[in-house]
Every structure is written in structure tokens, then in C-alpha cells.
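Everything on this sheet refers to the single structure shown next.
It should be emphasised that the depicted structure is a prediction, and the values quoted were computed from it without experimental measurement. For ligands, and for the atoms within them, numbers begin at 1 and follow the listed sequence. Starting from 1, each residue takes its place in the sequence as its number.
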Amino acid sequence: MNTFQELNLSKALKNAIDDLGFEKPTPIQEEAFSVILSGKDMVGIAQTGTGKTFAYLLPLLQDFKFSNQINPRILIIVPTRELVLQVVENVKEITKYMSIRVLGVFGGSNIKTQAQSVAQGCDVLVATPGRLYDLALNRALQLKEIKKLVIDEVDVMLDLGFIFQLTNIFEILPERRQNIMFSATMTEEVDLLIDDFFIKPVKVSIALSGTPLDNIQQTCYKAANFYTKTNLLLYLLRDQSEFNKVLVFVSDKKSADRLHELLAEELGTIVGVIHSNKSQNYRIRMVEEFDSGLIRVLVTTDIMSRGLDLEKISHVINFDTPTYAENYMHRIGRSGRAEQEGKSILFYSPKEEEAKVAIENLMDYSIPEIIFPEEVTVSSQLTPEERPKIEEKYSRNLLKNAPDTGFHEKSEKNKKVNLGGSYRRDIAKKYTKPKTKGDKRANNRKKK
Ligand code: AMP
């Protein structure tokens, strides 16, 4: 199938598509359409630029009937104000020939004005999680009619620390609803959220296939632990002409800061770091300096790397082995762009061996291993995360150490009904004080 005709779009949508000048659906639009139309929960792995916004808007609006009720029926949650504005614009474009009221609400602007707009009524509400939660708490907004929920760029949302607002929003939504989620990268946090709030979601992925790009030379080293990996990286970086523009991936912010500090001690200001706790200005400066060559080594997390359009990276270093094989494909795709030759090096510890095998299985390619250099010191020092745990209290910690948390393997768990679960309990334990004025729920939780 590769025409819009074959999607059997309503006349109103078809006319709007024609006005936009789109000739055929993008792969994610093609794949998501029938799944969303069928009413099933869906998880889409797709990046910005793939046409994902229309991928959910088309099926959601296909059968959408006019109504003049006040409360919204479709809720779209996105991480940033910019995305709210963009999605609102897209809804307007695609509903040009329909009677649909769309409204965007986001933080950083007057909440009273937004509450007044909400009171006017809308069919489709596009919102950032914080503002949405506040409007709902203030009773300015009723979510009881929401039948369709879309969470876009959920990985970014979680990375920005919106988990509290998200889980609380889930709890005030009607239980009978369709959940649709898009994420560019799979993380354990995303996986956990799906597991707790989605029912047997269909996975639609147009993420990079398992075919490694031919122009990327891949190698790997087995290294015992974090500090040994650091020693190895410092050893490799000594060859300045070979390692002249190096993007180093780590899986989380804490490790990114720890590694950056250690590298900077030895190498000074030629090392930079970006992750979501750094300010926007700082991140922009780091990327500019890396692009211009002022910084030779940039440490980054998976999520932060998504928007980077970097030229001529000499090496991608996978300082840790991604639990999600697809993330590895995303990472190494940062090198060897266009016609350039790229090089990717993977460090894996004995604990990460299983994840490495999963990556190799996905690619159907065994990554050539380089013998660990004798000159490099093997450290016996362990990070707090690497130290054996005496007692594991929370499932989240257990999950962090689990070798494989691929959500496609959780079908058994997903058979349960949508009641909120371990996630909610974990969150309740974690957050004892209300984050927002008037959060009566926080007090209720404490009493439990
Ligand atoms: P998104 O991934 O939703 O941010 O969309 C990226 C861009 O692709 C937007 O500017 C859309 O207008 C455009 N787009 C979406 N669907 C199509 C299509 N089927 N054909 C051509 N362009 C499209």
C-alpha cells in the first residue's frame, strides 16, 4: 500500500491532505493507521520528521463526529510549548474541512487565560503535562470524556522529569480509553510506563532496521566496569589525529556527569557533556563548540543525541551497551552519515554481554572484538550502581539491573487490566509531598 487512497480516508481528510500536497503516506502513517483505527493501544517508535503527527491524527479524526460539548474527547500530551503549537497547527491543517475545535495549553503562560479558553470548550486538547495537570487540579478542565490519549515524545517527557504529572493524569482519565504513545528511543522508564498503563499495546516501529550501515566500521572491547572503561577511553583518546571528533554515549545523566568529570580531569576543556539537566543555552553552546572543533569529545545520553545534526564525527563510542538494541542502531547512525565513513566502538562489561548479543542478533552481525590493551589499567573500583545490592526493595531498581527488559517480551504482564500498579506505588513512595498547591491526592496517598 502506498497511496492515501488505500487508507480510505474520509472526504474531509482526503481534501485536507490534497491541500497539503502530500502524495503518499509515510511508513509510520501507513503502519499506524489500521492499528489506531481498530481502537487498540499502540506504541510507535518513531522520530520527529517521520510524519508521526499525522500518523495518529488521521485515524483519530477519521470517524470523529461533530459535537458541541465542552469537554475534550482527544487529549494529546507533548513535552514542549513548541510542540504544542506545532501539533495544534497540524490539527488545524488536517481538519480544514471539518468542524473541530482544537486548543493548545502549555506552561509559562497565563493559566487564567488558558482556563478561560478551556471553558469555551474544545474537541482536541494539546497540552504539556505540567500545565495540563494544574488545569485539571484547579477543576478548570474536565478529562472525563477523554476517549483517546496520545503521548508524544514520551522519552523526552520522562527525561525532563514529568513522570509525576503523567502518572497522575493517567489516574484522572477514564479507564476506558485508547492509549497511543510515540517515543524515539526505548528506555526502561518508558517500558515501565507502558507496562503499567497500557493494555496489550501493538508495537509499530519504523525505527532503524537491524541492518548496520555499510559505511560504519564496528568494533568492541570487553572492559570490566565503569572505571576500567574510563581508562580505556582515555587511552584511546591519546591518539588525537585518529580520535578527532568523538561522540560518547552513556545511558543516563549520572554516568554522563561522572564520566565527563573524569575525562575533563585529564583532558581539560576539550571534553563536553550534554543531557537534559543542562540548560538549553549550555546545550546549544556545547553542540556548537563540538561542531566547530573546540570540543573534541562530547559525552551524551541517548535522548539528548536525537536532535543532533553533527558533521564528520570520527567515532561513536558506546561507553555502555544499550539494553535496547534499537538504541545502538540510533547511536552508531550518528557516525557514517551521508557518504562519510564512520567508526563505532562498543565497550561491554560481563554484565552487558547479553545485551551485546541481542544487538548482534538484531544486526545478524558479530561485532569484531579488539583485545583489551595490556597498557590499560584494569580498575577494581566500582560505582555505587555497580556495587552488589544488599537488598532490592523496589521493582524499578531490580529492573535497572535486569539484563533484558524488552517490552515485547512482557505479553504475560500486559494481560492484566489497566489499574495503575507497581508504578503508582513506586511514585507514591518517591513523592511524599505535593508538587502543586492543592494536590489533595498527595495527602491521601500519605495516609494509605
Ligand atoms: P512529524 O514527524 O509529524 O513532525 O512530520 C514531519 C514533517 O513531515 C511535517 O512537516 C509534515 O508536514 C510532513 N509530512 C507528514 N506527512 C507527510 C506525507 N505523507 N508526505 C509528505 N510530508 C509529510
Side-chain angles (χ1 to χ4, degrees), residues 1-37 42-62 64 74-98 100 102-104 106 124-129 148-157 159-160 178-186 190 202-209 302-309 326-327 329-330 333-334 337:
M1 186 211 306
N2 59 9
T3 67
F4 278 110
Q5 238 93 41
E6 287 161 80
L7 296 182
N8 258 330
L9 290 178
S10 68
K11 206 154 182 350
L13 290 177
K14 181 72 181 63
N15 287 340
I17 288 282
D18 287 345
D19 285 359
L20 284 166
F22 297 167
E23 284 167 10
K24 56 184 175 84
T26 64
I28 190 81
Q29 289 166 2
E30 214 176 290
E31 281 203 45
F33 192 81
S34 60
V35 177
I36 296 179
L37 205 61
M42 194 199 88
V43 175
I45 315 283
Q47 289 182 294
T48 300
T50 52
K52 64 185 165 63
T53 316
F54 288 122
Y56 62 79
L57 288 181
L58 288 172
L60 289 180
L61 296 168
Q62 167 86 341
F64 204 72
I74 296 180
L75 174 62
I76 302 168
I77 311 179
V78 300
T80 60
R81 171 183 179 273
E82 288 72 27
L83 205 51
V84 169
L85 297 174
Q86 193 187 311
V87 173
V88 166
E89 193 50 40
N90 286 161
V91 175
K92 285 185 179 158
E93 286 169 347
I94 205 70
T95 59
K96 193 171 164 190
Y97 301 101
M98 297 167 80
I100 283 187
V102 58
L103 178 67
F106 41 80
V124 180
L125 182 69
V126 189
T128 50
K148 314 276 178 188
L149 170 70
V150 180
I151 315 173
D152 200 359
E153 302 207 352
V154 69
D155 48 353
V156 177
M157 235 179 277
D159 207 47
L160 290 172
Q178 180 181 15
N179 298 303
I180 297 151
M181 174 191 280
F182 282 90
S183 191
T185 44
M186 278 309 297
V190 173
V202 177
K203 183 185 173 191
V204 171
S205 172
I206 53 111
L208 300 158
S209 70
D302 286 301
I303 289 160
M304 265 305 116
S305 78
R306 296 173 342 125
L308 300 183
D309 188 15
E326 275 157 347
N327 287 2
M329 305 305 296
H330 278 295
R334 312 306 315 191
R337 309 193 89 191

**Report entry** Short side-chain donor-acceptor distance under 3.5 Å, Asn327 and Thr185
**Finding:** no

Requested in this report: Only counting residues at least two apart or in another chain, list the ones meeting side chain to side chain donor-acceptor pair (under 3.5 Å) with Glu93.
Outcome: Asn90

Query raised in the report: Of all residues at least two apart in sequence or in a different chain, which pass the side chain to side chain contact (heavy atoms under 4.5 Å, CB included) check with Thr128?
Result: Val84, Phe106, Arg131

Could you go through ligand 1 and list every pair where one of its N or O atoms sits under 3.5 Å from a protein N or O, giving the atom names and the distance to one decimal?
from: ligand 1; atom 1: 2 (O); to: Gly49; atom 2: N; distance (Å): 2.7
from: ligand 1; atom 1: 2 (O); to: Thr50; atom 2: N; distance (Å): 3.1
from: ligand 1; atom 1: 2 (O); to: Gly51; atom 2: N; distance (Å): 2.8
from: ligand 1; atom 1: 2 (O); to: Lys52; atom 2: N; distance (Å): 3.3
from: ligand 1; atom 1: 3 (O); to: Lys52; atom 2: N; distance (Å): 3.3
from: ligand 1; atom 1: 3 (O); to: Thr53; atom 2: N; distance (Å): 2.9
from: ligand 1; atom 1: 3 (O); to: Thr53; atom 2: OG1; distance (Å): 2.6
from: ligand 1; atom 1: 16 (N); to: Gln29; atom 2: NE2; distance (Å): 2.7
from: ligand 1; atom 1: 19 (N); to: Lys24; atom 2: O; distance (Å): 2.9
from: ligand 1; atom 1: 19 (N); to: Gln29; atom 2: OE1; distance (Å): 3.0

Requested in this report: Keeping to residues at least two apart or across chains, list the salt bridge (charged side-chain N to carboxylate O under 4.0 Å, His left out) pairs with something in residues 44-61.
Outcome: Lys52-Asp152, Lys52-Glu153

Query raised in the report: Should the pair Phe54 and Phe22 be assigned to parallel (<30°), tilted (30 to 60°) or perpendicular (>60°) ring geometry?
Result: perpendicular

Requested in this report: Find out whether Phe64 and Thr95 are in side-chain contact, i.e. whether some heavy atom of one side chain is under 4.5 Å from a heavy atom of the other.
Outcome: no

